[in-house]
Amino acid sequence: MYDFAVMAAWIEFGVRWLHVITAIAWIGSSFYFIALDLGLHRDRNLSSGADGEEWQVHGGGFYHIQKYLVAPENMPDGLIWHKWQSYWTWISGFALLVLVYYLGAEFYLIDPAVMDLSAWQAVGISLVSLAFGWIAYTTLCRVFVDADQTVLMVALFAVLVAMSWFYTQVFSGRAAMLHLGAFTATIMSANVFMIIIPNQKIVVADLMAGRTPDAKYGKIAKQRSTHNNYLTLPVIFLMLSNHYPLAFATQNTWVIASLVFLMGVTIRHYFNSIHARQGNPHWTWALTALIFIAIMWLSTAPMSGAETEESHGDALRYAEAPGFDDVQDIVLGRCSMCHAAEPVWDGLLWAPKGVRLETAYDITRHARDIYLQAGVSHAMPPANLSWMEDTERALIVAWYKAASDI
């Protein structure tokens, strides 16, 4: 059992590593080509018939880049397709979803206090929701194909807000944020697999057959690529959120997730404007900061003013603070079955993240983490498997605040 657990942990680590590497490659190439396209000089009559060009310098060399609006007259040799970065990012991400959230549904996917689901029901909802995301999105794109693209973006945002709320009604907070990221990433990768690459292959086939390619295929591919550009930053935030309880384990999780998409738009609008030489909209940073401040406030708003500042006092301060005895009993009763040198919870062979909460010193040393993850938020216990009550969480908050005031 121990050997299997070690092997499974390393497999998860390896898949996560692959996911990060491929995501870096995909995001990097996406950002580069969007910036390149926006920055092309289109005011030049190019003998090659290209739509625009740009000169760049990197790594000690100069690059002369030209873009054809539809395609060149003849099929070039050695054509490079930018697709596998996207494919493997999704494949590795879905593999992580299976390894962590499907196989560990009891810990990470299901929260009985939100909805009492069986593992197969939760996994089924997850899979259906990801498929629904692509169907809803691509339907909207077809309905609004000739409309103002801002209208389409507003419609897409409405879907994302609805899904933010939906996920928080069926899954744990951690899983809700992660699934919204997976929901969005599935749309992005499907854009590449179902629309962008097939459209480019149609153009290539026409060239090889001596036909003039239809410009509409490039236009549609560009639309989907632009959507991916604006969705990238929110997806990164949502994927990182599972490490921060103040993001995923509050009563306002779905509102926080919705606002993250607005930050993605404001940040990308700034860079897209700069790359397109359309001014320097500094106001986007002010708006982004205001949204982020709103998110920070929302993360603790339900606690009616509970402080989140880190206390710099020593362990003795926490041990002597009023309410420590109660908190120690709560932690030993609700947390130490997992956070121990020898966990007694089935399936755990070591304390999660190496955190042990077996002694008074352990508890005082991890006072801030206990406060943030079990007091201010409901991140711990995961899915509230040990049934920590709200009154117990309130005692943790009161104890931490009392220690901070000493």
Trainee: Can you give me the closest heavy-atom contact between S164 and A257, atom names plus distance?
Mentor: OG-CB, 3.9 Å
Trainee: Using 0.5 Å steps for rounding, measure from the OG atom of S336 to the CG atom of D362.
Mentor: 10.0 Å
Trainee: Under the side chain to side chain contact (heavy atoms under 4.5 Å, CB included) criterion, do Y230 and N272 qualify, and how do the steps go?
Mentor: CA-CA 10 Å; Y230 281 102; N272 290 344; 3.3 Å; yes
Trainee: If we ignore hydrogens and angles and just use 3.5 Å, is the side chain of E358 paired with the main-chain N or O of A341 as donor and acceptor?
Mentor: yes
Trainee: Considering non-hydrogen atoms only, spot the tightest contact between R356 and A351 and give its length.
Mentor: CG-CB, 4.3 Å
Trainee: For the residue pair M388 and C335, what are the closest heavy atoms and their distance?
Mentor: CE-SG, 4.1 Å
Trainee: Within the 3.5 Å criterion, strictly below it, is a donor on Y167 or S129 matched to an acceptor on the partner's side chain?
Mentor: yes
Trainee: To the nearest 0.5 angstrom, please state how far the CG atom of L127 sits from the CG atom of L97.
Mentor: 8.0 Å
Trainee: Hey, are the side chains of H227 and L152 touching, using non-hydrogen atoms and a 4.5 Å cut-off?
Mentor: yes
Trainee: Answer yes or no: are there more than 12 heavy-atom neighbours, outside W88 itself, under 6.0 Å from its atom CH2?
Mentor: no
Trainee: Could you check if a side-chain atom of N242 sits within less than 4.5 angstrom of a side-chain atom of M177, using non-hydrogen atoms only?
Mentor: no
Trainee: Could you walk me through whether H378 and D390 satisfy the side chain to side chain contact (heavy atoms under 4.5 Å, CB included) test, starting with their C-alpha distance in whole Å, then the side-chain angles of each, then the deciding distance to 0.1 Å, before giving a yes or no?
Mentor: CA-CA 9 Å; H378 291 189; D390 289 340; 3.8 Å; yes
Trainee: I'd like to know if the side chain of N199 reaches the main chain of Y217, judged simply by a donor and an acceptor atom lying under 3.5 Å from each other, with no hydrogens or angles considered.
Mentor: yes
Trainee: Taking everything shown except E342 itself, do over 12 heavy atoms lie less than 6.0 Å from its CD?
Mentor: no
Trainee: Measuring centre to centre across the rings, with the benzene-like ring taken for any Trp, is Y318 within less than 6.0 Å of W399?
Mentor: yes
Trainee: Roughly how far, to the nearest 0.5 Å, is the CZ atom of R334 from the CD atom of E389?
Mentor: 5.5 Å
Trainee: Dump the intermediate steps for side chain to side chain contact (heavy atoms under 4.5 Å, CB included) on L160 and L231, then the final yes or no.
Mentor: CA-CA 11 Å; L160 293 170; L231 293 173; 4.2 Å; yes
Trainee: OG of S92 to CH2 of W17: how many Å apart, nearest 0.5 Å?
Mentor: 13.0 Å
Trainee: State whether a side-chain donor-acceptor pair under 3.5 Å links S126 with Y101.
Mentor: no
Trainee: Give a yes or no on whether W120 atom CH2 has more than 12 heavy-atom contacts from other residues, nucleotides or ligands under 6.0 Å away.
Mentor: no
Trainee: Describe, in one word, how the ring planes of Y137 and W134 are oriented to each other, choosing from parallel (under 30°), tilted (30 to 60°) and perpendicular (over 60°).
Mentor: tilted
Trainee: Centres of the F171 and Y108 rings: under 6.0 Å?
Mentor: no
Trainee: Over 60° means perpendicular and under 30° means parallel, so tell me whether W283 and H269 are parallel, tilted or perpendicular.
Mentor: tilted
Trainee: Just by distance, with hydrogens left out, do R224 and T138 show a side-chain donor and acceptor under 3.5 Å apart?
Mentor: yes
Trainee: Distance from W26 atom CH2 to S189 atom OG, nearest 0.5 Å?
Mentor: 4.5 Å
Trainee: Going by heavy atoms in the side chains, are V161 and F157 under 4.5 Å from each other?
Mentor: yes
Trainee: Can you confirm if the aromatic rings of W90 and F94 lie within a centre distance of less than 6.0 Å?
Mentor: yes
Trainee: Is the count of non-hydrogen atoms from other residues, nucleotides or ligands lying under 6.0 Å from H64 atom NE2 greater than 12?
Mentor: yes
Trainee: For Y244, is the OH atom crowded, meaning more than 12 foreign heavy atoms sit under 6.0 Å from it?
Mentor: no
Trainee: So K201 and W81, do their side chains get closer than 4.5 Å, heavy atoms only?
Mentor: yes
Trainee: F31 ring centre to R268 NZ or CZ under 6.0 Å, with the angle to the axis within 45°?
Mentor: yes
Trainee: Quick one, L246 and I256 - any side-chain contact, counting heavy atoms below 4.5 Å?
Mentor: no
Trainee: Counting only heavy atoms not in M194, do more than 12 fall under 6.0 Å of its CE?
Mentor: no
Trainee: List the atom of V331, the atom of L357, and the distance in Å for their closest heavy-atom pair.
Mentor: CG1-CB, 3.7 Å
Trainee: Checking D206 side chain against R211 main chain: does a donor-acceptor pair fall under 3.5 Å?
Mentor: no
Trainee: Quick one: are V192 and Q85 in side-chain contact, heavy atoms under 4.5 Å?
Mentor: no
Trainee: Whether the N229 and T226 side chains hold a donor-acceptor pair (N or O, under 3.5 Å, no angle test) is what I'd like checked.
Mentor: no
Trainee: Is it the case that the side chain of S225 and the backbone of K222 share a donor-acceptor pair, with hydrogens and angles ignored and the cut-off at 3.5 Å?
Mentor: no
Trainee: Is H339 reaching over with its side chain to a backbone N or O of V355, donor-acceptor style, under 3.5 angstrom?
Mentor: yes
Trainee: Donor-acceptor pair, distance only, cut-off 3.5 Å: does the side chain of R317 make one with the backbone of S404?
Mentor: no
Trainee: Distance check, rounded to the nearest 0.5 Å: T168 atom OG1 versus M115 atom CE?
Mentor: 10.0 Å
Trainee: Between C338 and P352, what is the shortest heavy-atom contact and its length?
Mentor: O-CD, 3.5 Å
Trainee: Test Y270 against every option in I267, I274, T266 by the side chain to side chain contact (heavy atoms under 4.5 Å, CB included) rule and name the one that passes.
Mentor: I274
Trainee: Do T250 and S377 meet the criterion of a side-chain donor-acceptor pair at a distance under 3.5 Å?
Mentor: no
Trainee: Just do the side chain to side chain contact (heavy atoms under 4.5 Å, CB included) check on I125 and F166 with the steps written out, would you?
Mentor: CA-CA 11 Å; I125 291 173; F166 170 76; 4.0 Å; yes
Trainee: Should L233 and F271 count as side-chain neighbours, where that means a heavy-atom distance under 4.5 Å?
Mentor: no
Trainee: Should F324 and I363 count as side-chain neighbours, where that means a heavy-atom distance under 4.5 Å?
Mentor: yes
Trainee: Which pair of non-hydrogen atoms, one from R16 and one from L96, has the smallest distance, and what is that distance?
Mentor: CA-CD1, 3.7 Å
